[in-house]
Peer 1: 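Before we start, here is the structure in question, set down as structure tokens.
It should be emphasised that the depicted structure is a prediction, and the values quoted were computed from it without experimental measurement. First listed ligand is number 1; within each ligand, the first listed atom is number 1. Along the sequence shown, the residues carry numbers beginning at 1.
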Amino acid sequence: MQESLLTPEPYVKVALPVPMRTLFEYKVPKAIALRHKLIPGMRLKVPFGKQTRLGLIVELCYQSEWNPNQIKPFTSLHDEAAILPQTIIDLCKWASRYYHHPIGEVFFHSLPAMLRKGESDSYRSEVWWVLTDTGNHLQLDELKRAPKQHAFMEIVKAHPNGLSPHIMRLHDLQGSVAKALEDKGFIRRDLRHFSKNAEHHGHKKQVPPTLNHEQDIAVTKLSSQLGQFNVALLDGITGSGKTEVYLRLIEHAIEKEQQVLVLVPEIGLTPQTLKRFEDRFNTDIALLHSNMSDRERLDGWLMARSGKARIIIGTRSSIFVPAPQLSLIILDEEHDASYKQQDGFRFHTRDLAIMRAKSINACVILGSATPSYESLHNAKQQKFDWIKLRSRAGSAEIPSMERIDLRGQTLIKGFSEASLERINTHLSRKEQVLVFLNRRGYAPTLMCHDCGWISQCPNCDVNLTVHKKANKLHCHHCGYQSALLHQCGECHSHEVFTIGEGTEQVEAQLVSLFKDIPVLRIDRDSTSRKDSLNAITQKIHEQDKAILVGTQMLAKGHHFPNVTLVVVMDADVGLFSSDFRGMERTAQLITQVAGRAGRASKPGHVLLQTYHPDHPSIESLCSLGYEFFANQGLQERKSLELPPYLHQILIRSESVDDDQAYLLLDQLRKEAEQHIENFNYPIQLLGPYSAIIVRKAGQHRYILTFKSFNRAPLHQLISLLSQSLEQNPLTRKVRYAIDVDPLETY
Ligand code: ADP
Ligand code: ZN
Ligand code: ZN
């Protein structure tokens, strides 16, 4: 009955990569409706304005709010089957609603770049070379006068399964030689798909260590939950063997032919970590991170989608990768800020992981030595299971922390005498020392002695950082660079000098203080070239005594067994931060860096250089540890009515025109006040206020904050405002962004 009322051809609702909060409707051309079964997740070409664009079918519907005569038919179908499964379509829809982000942009963000551009969803095919019968019987001596062909044949014979492009590259073999041998009938080509080639396993699996008591409890509990929705916070101190717990759970999942998604922070995937996974499992591992080519990423994505890759390791955006057998999602270092995308589509990977797991009955494990206050709060509320690992795995001990009082001391190149003495002691025992300073470059400020001028970025309200080796001034906010000035920009005096120090300077000072000791620097500048981080860590492992200097890059995931002393140059950085998350971040960073000390058999020590040794934060972190510190922090957040006790959404505006950027939010505030009054929303407003760095990359920036103890009205209000923002003519000159559960509020 119902069916006869429906129009014979349905409409498709299509996601397009445009900044509009809507799906677009198209008619299905008759010829296509007859031949194809349309389903959500297929790509298609549609007319859009004067262009034809690639879109994705999100829904089919039989009724439209629009006049049917106004709806255009779409141009052509791009796929024979859906490229995205329904679970990912649902996840994108949820994300678009929760983050108030244009739905088409969310869908296109979720896809690998090549699929966004219209590439087919199939593996790359490669030409492999295989020996023919003739080739097999050939006496190699016959090729004596053609040494290149001789060499090629030798290598083909050594690879009875065929010669892959990869092996050809390794041996520097040329296609022209292959062609010549093909013409002679000695070899033939075989076109193979990338996925087949990945089956190169067969190494002996590494024998895992015996779990300690805490690990054993964790594994038993968590493995019983595979296949049902559950979120667990694995709160284990650095070196407590969290990764070992992950590996055991992955083993359980693989035995049941399930898939596991392992999420790592932006720069958290060290070659050491990957090697631990590869050594343990005889299975395909799909990698998805930003340091890969688009083609490699698509191949990895396809391996995950086919179910072939049992383990998928990736950064933030891989939360959207299809994986039909997914039963476990692990977020390693769950507190890491890189899980939140800070521009464009501002999603938090943790939230999406939980939503996704809920919809497919999977488990989520959030692992960290320094859990975020949000996750600790959820664990305390019993929304998450809370599993603690409080001792170090193997024979390693927990490092001791000590404050070094800098007040009234004469510093020697940024170090107190006591710190230098301790560095010497550890070096003399052939151990390594790690010096931590979260500021790269040579110095953060260049100043004129005669007139007080300071070199500033022309595009931002910040000082330029001095990079001495590169002989440049850099803006770390917009990327601006200029030649290093040796003369004042104002009065042309030659008396210019630097204030403060960065890692480049500390490195230079350590080299002059500790002659003959290798000093290795790890920060974004020293590791900008591909594989340079690898080379440096390799060197660290080869040395006995050495000093490592670095930024937060050093805090993540590395295991340097010979580091026994960590010196934190400036433990006070977070104390007076304008962001309420400042102290949480500093405590996490210090604890993580401290965790690099004494990870093997030798005990570790940590020195915190501070001008505020009696500050309650420094004191509690130092003597009572992160858990106690975080508890105190949560109490404070509660009394000050801050997240996680209260929910926030920000709307940010930016424009080259200062007044207009302010005006947009001012109008929005008035509109919000009206809604709040009409609907009696329990929402507080703050702003518009200017961002701390008011001007960044030439844009003047303002913020309007919405706060509520209750999420629902907050989201209702933002929905209303986002609709009106889309219509607001000011947005032609002012860019805006909605930031739900912001991590940065300035
Ligand atoms: P985390 O991820 O918590 O920092 P890891 O899993 O990296 O800790 O473990 C730290 C070190 O201890 C690693 O070298 C690891 O191989 C080792 N380890 C882990 N579990 C055990 C165990 N049960 N027995 C012996 N060594 C272990
Ligand atoms: Zn001057
Ligand atoms: Zn700048």
Peer 1: If you measure every N/O of T243 against every N/O of ligand 1, is any gap under 3.5 Å?
Peer 2: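 Yes, T243 has an N/O under 3.5 Å of an N/O on ligand 1.
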Peer 1: Please report whether ligand 1 has a polar contact with A393, defined as an N or O pair separated by less than 3.5 Å (distance criterion only).
Peer 2: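 Between A393 and ligand 1 (N or O atoms, distance only) the closest approach is not under 3.5 Å.
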Peer 1: Please note down the angle at the Zn ion (ligand 2) between SG of C451 and SG of C488, to the nearest 10°.
Peer 2: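 Vertex at the Zn ion (ligand 2): approximately 110°.
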Peer 1: For ligand 1, find out whether one of its N or O atoms is nearer than 3.5 Å to an N or O atom of P209.
Peer 2: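 There is no such contact.
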Peer 1: Measuring to the Zn ion (ligand 2), does C448 have an N/O/S atom at a distance below 2.8 Å?
Peer 2: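 A backbone or side-chain N, O or S atom of C448 is under 2.8 Å from the Zn ion (ligand 2).
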Peer 1: Can you list the protein N, O or S atoms less than 2.8 Å from the Zn ion (ligand 3)?
Peer 2: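 For the Zn ion (ligand 3), the protein N, O and S atoms that sit under 2.8 Å away are C457 SG, C460 SG, C475 SG, C478 SG.
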Peer 1: Counting backbone and side chain alike, does H449 bring an N/O/S atom below 2.8 Å of the Zn ion (ligand 2)?
Peer 2: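 Under 2.8 Å: H449 has no N, O or S contact with the Zn ion (ligand 2).
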Peer 1: Closer than 4.0 Å to some heavy atom of N212 - which atoms of ligand 1 meet that?
Peer 2: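 Answer for ligand 1: 23 (N).
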Peer 1: Using a 4.0 Å heavy-atom cut-off, say whether T210 meets ligand 1 through its side chain, its backbone, both or neither.
Peer 2: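 Under 4.0 Å from ligand 1, T210 contributes backbone atoms alone.
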Peer 1: Could you tell me, atom by atom, which parts of ligand 1 come under 4.0 Å of a heavy atom of E244?
Peer 2: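 Close to E244: 6 (O), 19 (C), 20 (N).
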Peer 1: For ligand 1, is there an atom lying under 4.0 Å from some heavy atom of S240?
Peer 2: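 In this structure, S240 qualifies as a contact of ligand 1 - some heavy atom is under 4.0 Å.
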Peer 1: Nearest to atom 7 (O) of ligand 1, what protein heavy atom do you find, and at what distance?
Peer 2: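 The protein heavy atom lying closest is R276 NH1, 2.7 Å.
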Peer 1: Can you tell me if E244 uses its side chain to pair, donor with acceptor, with the backbone of P209 under 3.5 Å?
Peer 2: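 Such a contact is absent between E244 side chain and P209 backbone.
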Peer 1: By the side chain to side chain donor-acceptor pair (under 3.5 Å) test, which pairs, at least two apart or in different chains, include something from residues 476-487?
Peer 2: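 The answer is H467-H476, H474-Q481.
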Peer 1: Relative to ligand 1, is Q215 under 4.0 angstrom through side chain, backbone, both or neither, heavy atoms considered?
Peer 2: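 The answer is the side chain of Q215.
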